[in-house]
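Excluded from the calculations below are hydrogen atoms, water molecules and symmetry mates; all remaining heavy atoms, backbone and side chain alike, are included. Every chain is numbered from 1 and lettered A, B, ... according to where its sequence line falls, protein lines coming before strand lines.
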Amino acid sequence: MSSPSRFALALTQPGEPNHPISDVFMNQQPPPQSETSKAQDSKDPRVARREKLRQIEARGLDPFGVRFDDRTMIGRCHQLSSEIRWTREDGTDVPLPDFDDPDLDYRQWKADHGPGTETGPNVRVAGRIMLARGQGKLIFLTLRDWTGDIQIFIGKKQVGDDDFELAKLFDLGDLVGAEGRLGRTNTGELTVFAESLFFHAKMLEPPPDKHAGLTNPDLRQRMRYADLAFNDGVLQTFLDRTEIVRSIRRTLDNEGYCEVEGPTLHMIAGGAAARPFATHHNTLDMPLTMRIALELHLKRLMVGGMERVYELGRVYRNEGISPKHNPEFTMLECYQAYGDYNTMMDLTERLITDSIEAIGGGLIRQYDGKTIDFTPPFQRATYAELFQQHTGVDPSDEAAVIQYAKQIGLDPEDTHPDVVRNEIFEAKVEDSLDGPIFVIDYPASICPLTKRKRDNPAVAERFELFILGMEVANAYTELNDPDLQEKLFETQLEGQDEEDSMAKMDHDFVRALRHAMPPAGGLGVGIDRLVMLLTDKKSIRDVILFPLLRPENA
RNA sequence: GAGGGUGUAGCUCAGUCGGUAGAGCAACGGACUUUUAAUCCGUUGGUCCAGGGUUCGAGUCCCUGCACCCUCACCA
């Protein structure tokens, strides 16, 4: 976080002038007693922080601050550094040296070019104290807001005895403010030379290790606020996630899509194969499930005339937790009337390349030490081709497929041949798909919501996008034939448990299709996995702010 | 669900063969007006995840439980 964030909007802050807290806040109340005063508490760093809080109050300041207007965001300070001038006594400006040069000795440079004076714009910054270096009657702080870090110079002579006493009550993690001139220290570091100080909020808990941060993964997830505040890059990852989601909305909005909000409580958890969370409505005395997909309601809307429609929202699947699975996760589903799965392939590429543009870093990216080239068009290959390539077995040769399944330890008995094929595909092909690659044309019987190819009803017009073995997107030419849909809902594939089936009878959905849904392409994207890939994060928990955890031990 | 790993100071981590509980950072006291994870001197700080067992003696060995991580299974 030492470089300014690309969250450009945050660099300016609306507001009115305000006043140092000492002018507007006079707290005459006695300081509150700390909750406990047991002997062992003297060992606890929290006690020292409570004591400083009391002393801040005793100085007539609110240890939890007041409004602070006309703030200069720290990223903006870095931009304003170009306004720093070095003026000789004769009034001429000397161009400043290159402060990025690690060998620069600014003290020497000033001696060589002086005598003169450095001037710079006045700024008012606020943020969290990340580092503090005391040096007698001097204190250096490293202050961080969400646009970057900057150093604050606090000299006893410069801020006065009063503010210097206040600065001695600062702890790592406190939120403070400073007003003063922007300039450079002898080493050339951009610095706010404080003339007055402000106190905004006391951190009463001890901060994590100032260098290592909070590394305990359990604590990082339970105390995400501390993870965000003290671990480098965490905030940026989540800001990147926001940028990716914004970009996806922008891309779809620009293409004329309309965003909607479907119900999250479903009577029938359809649209995907997954176990749902069960819940209950009391007044209606009715069992309900949390949605596992967005699909069936968005298609109902296409029947109603929403020709380009999408929803970007949370779905819930009551299944295992792993580095790639969280019980609730974010899906995008979008549907385009009169399109097909090829339409959605092109759209998928635009959604991803636009997202990359939004967070920067280029189309060729690193993930876990591997390189992913997102330059479109992405590779395309059929399911059957890849099957043949990776297994050496012709997927249309049923006997050979069964033979191969037994060979790799699968049990093909009483199981539909397409399910067997797919188990082989998942076991032997998916993991080696580095991609980005569109796998197209799936066996029809495992795709009950997908239109079949006109010339080959055994194949469904479906693709999945794989990147480094991870399924990122899934799309169909949507099945809009109500009679076939009803039939597919009735067909339970052999060897498949009911809860594993995507085909759950939904009479209302079939009735909707009977009102005529236009031929359409539909796409689903796992947003969390896309964010993982674009931000180089190995665990879905690193891109979900508050992943599901077991309750904390008391 | 199975296997493996981890759990020690506020944080990050050592802890040998079973023999008085350690370091760095943070905190507290002191020196220092251009530092950069500031430095230097000094001090304080422990339910060794929980419970049980073996033992003269357990952070260490054994059993049970809990939490987290990893791999696998499940899960498009």
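Between A:Asp528 and A:Thr330, the closest heavy-atom pair is OD2-N, 2.7 Å.
Aromatic ring pairs are classed by plane angle as parallel below 30°, tilted from 30° to 60° and perpendicular above 60°; the pair A:Phe277 and A:Tyr316 is perpendicular. Classified by interplanar angle (parallel below 30°, tilted 30° to 60°, perpendicular above 60°), the ring pair A:Phe153/A:Phe193 is tilted.
Side-chain to base pairing of A:Asp209 with B:G10: no donor and acceptor N or O lie closer than 3.5 Å to each other. Side-chain atoms of A:Gln135 stay outside donor-acceptor range of the base of B:U34, with no qualifying N/O pair under 3.5 Å. For A:Thr215 against B:U12, no side-chain N or O and base N or O form a donor-acceptor pair under 3.5 Å.
B:G10 and B:C48 have their P atoms separated by 12 Å, given to the nearest Å. Straight-line distance between the P atoms of B:C49 and B:G59: roughly 10 Å, to the nearest whole Å. The same atom, C1', is picked in B:G53 and in B:G57; the two are 15 Å apart, to the nearest Å. Across the P atoms, B:A14 and B:A9 are found 12 Å apart, a figure rounded to whole Å.
Centroid-to-centroid, the aromatic rings of A:Tyr442 and A:Tyr383 come within less than 6.0 Å.
Considering only the side chain of A:Pro323, B:U71 comes nearest among B:U12, B:A26, B:U71. The nucleotide whose nearest atom lies closest to any side-chain atom of A:Leu219 is, among B:U33, B:C69, B:C11, B:C11. Of the listed nucleotides (B:U35, B:C11, B:U33), B:U33 has the atom at the smallest distance from the side chain of A:Lys157.
With sequence neighbours excluded, the residues forming a salt bridge (Lys or Arg N to Asp or Glu O under 4.0 Å) with A:Lys538 are A:Asp536, listed by chain and number. Taking A:Lys168 as the reference, A:Phe164, A:Glu165 meet the side chain to side chain contact (heavy atoms under 4.5 Å, CB included) condition, with sequence neighbours excluded.
Where A:Glu430 and A:Leu548 meet RNA chain B, the nucleotide closest to each residue was compared, and A:Leu548 sits on the side nearer the 5' end. When the nearest nucleotides of RNA chain B are assigned to A:Pro206 and A:Lys110 by heavy-atom distance, the more 5′-ward of the two goes with A:Pro206.
Backbone-only engagement by A:Asn216 is indicated by non-hydrogen atom pairs under 4.0 Å involving sugar-phosphate atoms exclusively. Using a 4.0 Å heavy-atom criterion, one finds that A:Lys210 contacts the sugar-phosphate atoms exclusively.
In this structure, B:G51 forms a base pair with B:C63, meeting either the Watson-Crick or the G-U wobble geometry with both donor-acceptor distances under 3.5 Å. Remark: B:U39 base-pairs with B:A31; criterion is Watson-Crick or G-U wobble with both hydrogen-bond distances under 3.5 Å. Across every strand in view, B:C56 sits in a pair with B:G19 that passes the Watson-Crick or G-U test at under 3.5 angstrom. Pairing of B:U71, defined by two Watson-Crick or G-U wobble distances under 3.5 Å, is identified with B:A2.
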Pairwise N/O distances under 3.5 Å, protein to nucleotides 28-31 of chain B:
unit_1 : atom_1 : unit_2  : atom_2 : d
B:C28  : OP1    : A:Lys52 : NZ     : 2.7

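To the nearest 0.5 Å, the span separating CZ on A:Arg184 from CG on A:Leu104 amounts to 9.0 Å.
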